[in-house]
Engineer: 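Got a structure here, written out as structure tokens. Questions coming.
Letters A, B, ... mirror the listed sequences (proteins, then strands); counts begin at 1.
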Amino acid sequence: MVRVRFAPSPTGFVHVGSLRTALYNFLFARHHGGVNILRVEDTDRTRLVEGAVDNLLRTMEWVGITFDEGPEQGGEYGPYTQSERTDIYRKHANELIKNVKAYPCFCTAERLDEVRKKMQAAGQPPMYDRHCRNLTEEEVEVKMEAGIPHVVRLRVPLGETITFNDLVRGDVSFDSKTIDDQVLLKSDGFPTYHLANVIDDYMMKISHVIRGEEWLSSTPKHVLLYRAFGWENAMPKFAHLPLLLNPDRSKLSKRQGDVAVENFRDKGYLPDALINFVALLGWNPSATEEIYSMDELIAQFDLEKVNKAGAIFGKEKLDWTNAEYIRKKSPDELLVLVKPIATERGFSVSDDYLRKVIHLMQERARSTFDFIDFASYFFKAPTEFDEKSKAKNWTLDAKERMIEILTQFKSLSEWTHNSIEGVIRSYAESKTISAGKLIHPLRLAVSGVGMGPGLFEMLEVIGKEEVCKRIEYALVNLN
RNA sequence: GGCCCCUUCGACUAAUGGUUAGGUCACCACCCUUUCACGGUGGCUGCACGGGUUCGAGUCCCGUAGGGGUCACCA
């Protein structure tokens, strides 16, 4: 039975790297008919952010990643929030102490700092000097009774090679002498990631741990913990995913641009486009197809095809993917997305009108905001005019022609793109000039910019009265 | 610095040891066209380097270089 978990710590927004980890877990679970679990790792009480769990839940919902067990849906291995499981961790930590697999450590933060500094100065890797590792039972008892705060540390065996198999990378080995006597239980009684993670994965019967590569170097500690508990036979398989990278190839970080899923949502990216894009960062089904629905991703997903090397999170392709998804949407689907943006911008128009704008903008929009922000002339008359287009198209001749066009527009009984085009074409013909000589200045006068949808369709949508008003305004104000 | 991981066009990637090293984004040119976009055609640039193994290496082995991750009472 495949049982996987996504185990974020709720510290605010959802990082796109986390999104991809969550996605791969989800795809793997669904592909194998397994169980996808959400576990909230909130053991660092200093980094708790209010509302973060809720935000996480909503964000996962938005992208279409669902869970079978978790804080919301419950399940037979709960609770699924680590802060509600502290006595489990404490009990297990005590068991390790009793079995001489772990030991209490009374060193102060100051002492640890000093030790680290000394080792670094000596050119050594900064590790704990194992000062408390060999305290006698009596010494421990005295310190305990004196109420000296302590942590619990893993008693890492000396002189062993720890090897584990990673589904992405193959066998990976570490020399145990390079592994620190890791803190398992903090002095506040909360577990560290390592302890809580191993206990929970075991108790929740996790079959595959799929997580980011930043965890690869702590995996031997986890292996040691499974051994210490005697759970080695039930140890999950590991798969460490390549990192998502900044353009400079460092680990993707906030410093270098947007990394929050919420940012992308707020900038007009569609969830299916984001998912599609992120799925293909570090994994590829060996096909030339670029667009996959969630169902197709589930059908195709295979951990064996996950890459080893990190992938730069390049926004150009995301933009293209988003534009592809926008083109595939129905007008009504887009209406739902675009209408709130129009409202937010202070434009109140009918659904019918907005649908027409959407229709004209659909193949031009890369984000849902483009429907409004690159098409503002559908909602308000321009007061500024593109200088380039003005210099090129708003000539004396053009102005005079606009006066005649305006007259003809006013007497037009039927206002459709066909009738409008008729006026322009026949006028151009009568003057033996190219239609472009009329189209470009007209576009500038009505929209204020030099680009956009086909002019005739655009004028039809804006409407006769408004178009005439704008031409009159331009004739007076555009010099 | 120690340890670990990684390395195919600018980016994402494909390629039973046998291909003119393929696709997508981006970029450039042309076509379509009233502009922008879409669409179409073509182009551009890549196996990090050096040794092996092999009839044959992007693919296997070793080394070098470069990049990244990690070394907390954070996850």
Side-chain angles (χ1 to χ4, degrees), chain A residues 7-11 41-44 46-47 105 107-109 112-113 116 119-120 123-128 149-153 166 168-169 172-175 177-180 182-194 196-197 211-220 240 242-243 245 247-251 277 280-291 305 307-321 323 327 360-366 370 374 389 393 421 424 428 434-440 442-444 447 449-456:
Chain A
S9 65
T11 53
E41 310 223 329
D42 58 346
T43 55
D44 183 356
T46 64
R47 294 209 309 169
C105 166
C107 293
T108 62
L112 295 176
D113 248 15
R116 261 193 290 274
M119 302 200 78
Q120 250 164 345
Q124 299 285 312
M127 283 172 69
Y128 177 54
H150 69 281
V151 301
V152 176
R153 285 182 185 273
D166 186 278
V168 172
R169 284 151 220 286
V172 183
S173 297
F174 291 81
D175 190 329
K177 72 171 175 246
T178 66
I179 300 169
D180 213 350
Q182 190 63 48
V183 172
L184 302 177
L185 205 64
K186 304 180 227 176
S187 55
D188 64 1
F190 276 78
T192 59
Y193 171 87
H194 308 286
N197 200 262
R211 73 221 314 186
E213 196 196 331
E214 68 264 33
W215 293 110
L216 189 59
S217 47
S218 34
T219 303
H240 287 94
L243 260 18
L245 271 26
D248 70 358
R249 294 215 157 266
S250 56
K251 189 162 104 173
F277 173 68
L280 262 23
L281 246 29
W283 170 80
N284 188 285
S286 301
T288 55
E289 183 59 42
E290 299 285 340
I291 301 296
K305 295 205 165 189
N307 295 144
K308 296 175 182 23
I312 292 177
F313 189 87
K315 296 215 187 58
E316 280 151 349
K317 196 161 181 181
L318 171 60
D319 284 342
W320 173 80
T321 308
R327 280 177 217 122
L360 293 183
M361 292 301 293
Q362 188 160 6
E363 68 185 22
R364 281 161 249 269
R366 293 176 91 73
D370 291 354
F374 286 178
S389 174
N393 301 309
E421 182 163 8
I424 300 296
S434 72
K437 286 266 186 286
L438 304 172
I439 287 168
H440 296 304
L442 191 49
R443 175 187 295 284
L444 178 68
S447 76
V449 292
M451 53 186 217
L455 180 75
F456 309 122

Engineer: Should Asp370(A) and Arg364(A) count as side-chain neighbours, where that means a heavy-atom distance under 4.5 Å?
Structural biologist: no

Engineer: Go through A75(B), C12(B), U35(B) for me and flag the one nearest to the Ile312(A) side chain.
Structural biologist: C12(B)

Engineer: Rounded to whole angstrom, note down the C1' distance from C12(B) over to G56(B).
Structural biologist: 31 Å

Engineer: Within a strict 4.5 Å, meaning less than it, do heavy atoms of the Glu290(A) and Lys317(A) side chains meet?
Structural biologist: yes

Engineer: Between C5(B) and Arg169(A), counting only base atoms on the nucleotide and side-chain atoms on the residue, is there a donor-acceptor pair under 3.5 Å?
Structural biologist: no

Engineer: Are any non-hydrogen side-chain atoms of His240(A) and Arg211(A) less than 4.5 angstrom apart?
Structural biologist: yes

Engineer: Could you state the CH2-P distance from Trp283(A) to A14(B), rounded to the nearest angstrom?
Structural biologist: 10 Å

Engineer: Using a heavy-atom cut-off of under 4.0 Å over every strand shown, decide if Arg153(A) touches base, sugar-phosphate, or nothing.
Structural biologist: sugar-phosphate

Engineer: Identify the nucleotide, in any strand shown, that forms a Watson-Crick or G-U wobble pair with C44(B), with both distances under 3.5 Å; if there is none, say none.
Structural biologist: none

Engineer: Heavy atoms only, 4.0 Å cut-off, all strands: where does Val183(A) land among base, sugar-phosphate and nothing?
Structural biologist: sugar-phosphate

Engineer: Once you apply the 3.5 Å cut-off to both distances, tell me the Watson-Crick or G-U wobble partner of A14(B), or none.
Structural biologist: none

Engineer: Should A65(B) form a Watson-Crick or G-U wobble pair with both distances under 3.5 Å, which nucleotide is its partner?
Structural biologist: U7(B)

Engineer: With heavy atoms under 4.0 Å as the rule, sort Pro10(A) into base, sugar-phosphate or nothing.
Structural biologist: nothing

Engineer: Glu290(A) side chain: which of U34(B), G23(B), C74(B) is closest?
Structural biologist: G23(B)

Engineer: Start with the C-alpha gap between Asp175(A) and Lys177(A), add the side-chain angles, then the distance that decides, and say whether salt bridge (charged side-chain N to carboxylate O under 4.0 Å, His left out) holds.
Structural biologist: CA-CA 5 Å; Asp175(A) 190 329; Lys177(A) 72 171 175 246; 3.4 Å; yes

Engineer: Have a look at Phe456(A) and say if it touches a base, only the backbone sugar-phosphate, or nothing, with a 4.0 Å heavy-atom cut-off.
Structural biologist: base

Engineer: Could you please name the partner base of U35(B), counting Watson-Crick and G-U wobble pairs only when both distances are under 3.5 Å?
Structural biologist: none

Engineer: Can you measure Leu245(A) atom CG to C5(B) atom C1' for me and round it to whole angstrom units?
Structural biologist: 12 Å

Engineer: Whole angstrom is fine here: how far is it from CG in Leu280(A) over to P in U13(B)?
Structural biologist: 8 Å

Engineer: Please determine, for the side chain of Glu363(A), which listed nucleotide (U24(B), G10(B), A37(B)) has the closest atom?
Structural biologist: A37(B)

Engineer: Would you indicate what Gly212(A) reaches in the nucleic acid, counting non-hydrogen atoms under 4.0 angstrom: base, sugar-phosphate, or nothing?
Structural biologist: nothing

Engineer: Heavy atoms from C-beta onward define the side chain here; which of A75(B), A26(B), C5(B) lies closest to that of Val172(A)?
Structural biologist: C5(B)

Engineer: On a whole-Å scale, what distance lies between the C1' atoms belonging to C9(B) and C44(B)?
Structural biologist: 9 Å

Engineer: Side chain of Asn284(A), heavy atoms from C-beta onward: which of U34(B), U13(B), C6(B) has the nearest atom to it?
Structural biologist: U13(B)

Engineer: Is any side-chain heavy atom of Tyr193(A) closer than 4.5 Å to a side-chain heavy atom of Thr43(A)?
Structural biologist: no

Engineer: For Phe174(A), report the nucleic acid contact type (base, sugar-phosphate, nothing); a contact means any heavy atom under 4.0 Å.
Structural biologist: sugar-phosphate

Engineer: Using OP1 and OP2 only, check whether a side-chain N or O of Thr43(A) sits under 4.0 Å from A75(B).
Structural biologist: yes

Engineer: Has Asn307(A) got a side-chain N or O lying under 4.0 Å from the OP1 or OP2 atom of U13(B)?
Structural biologist: yes

Engineer: Are the side chain of Asp248(A) and the backbone N or O of Ser250(A) linked by a donor-acceptor pair below 3.5 Å?
Structural biologist: yes

Engineer: Please list, pair by pair, any protein nitrogen or oxygen found under 3.5 Å from a nitrogen or oxygen in nucleotides 69-71 of chain B.
Structural biologist:
| unit_1 | atom_1 | unit_2 | atom_2 | d |
| --- | --- | --- | --- | --- |
| G69(B) | OP1 | Lys251(A) | N | 3.0 |
| U70(B) | OP1 | Lys251(A) | NZ | 2.8 |
| U70(B) | O4' | Ser217(A) | OG | 3.3 |
| U70(B) | O2' | Ser217(A) | OG | 3.2 |

Engineer: Look at the side chain of His440(A) and decide which nucleotide, out of U34(B), A26(B), C12(B), has an atom nearest to it.
Structural biologist: U34(B)

Engineer: Tell me the interatomic distance from Arg364(A), atom CZ, to A37(B), atom P, rounded to whole angstroms.
Structural biologist: 9 Å

Engineer: Which whole number of Å gives the distance between the P atom of G58(B) and that of A75(B)?
Structural biologist: 47 Å

Engineer: With heavy atoms under 4.0 Å as the rule, sort Ser187(A) into base, sugar-phosphate or nothing.
Structural biologist: base

Engineer: Could you tell me which nucleotide pairs with G1(B) by Watson-Crick or G-U wobble geometry, both distances under 3.5 Å, or answer none if nothing does?
Structural biologist: C71(B)

Engineer: Across the strands shown, which category fits Pro247(A) at heavy-atom distances under 4.0 angstrom: base, sugar-phosphate, nothing?
Structural biologist: nothing

Engineer: Is there side-chain contact between Val172(A) and Thr219(A), with heavy atoms separated by less than 4.5 Å?
Structural biologist: no

Engineer: How many whole angstroms separate atom CD of Glu421(A) from atom P of U33(B)?
Structural biologist: 13 Å

Engineer: Identify which nucleotide among C6(B), U24(B), A75(B) has an atom closest to any side-chain atom of Lys308(A), counting heavy atoms from C-beta outward.
Structural biologist: C6(B)

Engineer: Could you give the CG-to-C1' distance, from Asp42(A) to A75(B), as a whole number of Å?
Structural biologist: 11 Å

Engineer: Just wondering, do His440(A) and Ser389(A) contact through their side chains at under 4.5 Å, heavy atoms?
Structural biologist: no

Engineer: Check every strand shown and say whether Ala311(A) touches a base, only sugar-phosphate, or nothing at a heavy-atom separation below 4.0 Å.
Structural biologist: sugar-phosphate

Engineer: Report yes if the side chains of Asn284(A) and Lys305(A) come closer than 4.5 Å at any heavy-atom pair, otherwise no.
Structural biologist: no

Engineer: Taking the P atom in each of C60(B) and A72(B), what is the distance between them to the nearest angstrom?
Structural biologist: 35 Å

Engineer: Quantified in whole Å, what is the C1' atom distance between nucleotide U53(B) and nucleotide A57(B)?
Structural biologist: 10 Å

Engineer: If we take the C1' atom in both U19(B) and A14(B), what is their distance in whole Å?
Structural biologist: 12 Å

Engineer: For Ser173(A), answer base if it contacts any base atom (sugar-phosphate contacts may also be present), sugar-phosphate if it contacts only those atoms, and nothing otherwise; contact means non-hydrogen atoms under 4.0 Å.
Structural biologist: sugar-phosphate

Engineer: Do any side-chain nitrogens or oxygens of Thr46(A) fall under 4.0 Å of OP1 or OP2 in C74(B)?
Structural biologist: no

Engineer: Asp44(A) versus Thr11(A): any side-chain heavy-atom pair under 4.5 Å?
Structural biologist: no

Engineer: So does Lys186(A) get a side-chain nitrogen or oxygen closer than 4.0 Å to the phosphate oxygens (OP1/OP2) of C74(B)?
Structural biologist: yes

Engineer: With nearest nucleotide decided by heavy atoms, which residue, Pro453(A) or Ser286(A), maps closer to the 5′ end of RNA chain B?
Structural biologist: Ser286(A)

Engineer: Could you tell me how far C25(B) sits from G63(B) if I compare only their P atoms? Round to whole Å.
Structural biologist: 40 Å

Engineer: Expressed as a whole number of angstroms, how long is the span from Leu444(A):CG to U34(B):P?
Structural biologist: 19 Å

Engineer: Knowing that exactly one of Trp320(A), Phe313(A), Trp283(A) qualifies, which makes a ring-ring contact (aromatic ring centres under 6.0 Å, His included) with Phe277(A)?
Structural biologist: Phe313(A)

Engineer: What is the distance, rounded to the nearest whole Å, between atom CD1 of Ile291(A) and atom C1' of U24(B)?
Structural biologist: 9 Å

Engineer: Can you tell me how far P in C28(B) sits from the matching atom in G69(B), rounded to whole Å?
Structural biologist: 33 Å

Engineer: Keeping Arg47(A) on the side-chain end and Asp42(A) on the backbone end, is there a donor-acceptor pair under 3.5 Å?
Structural biologist: no

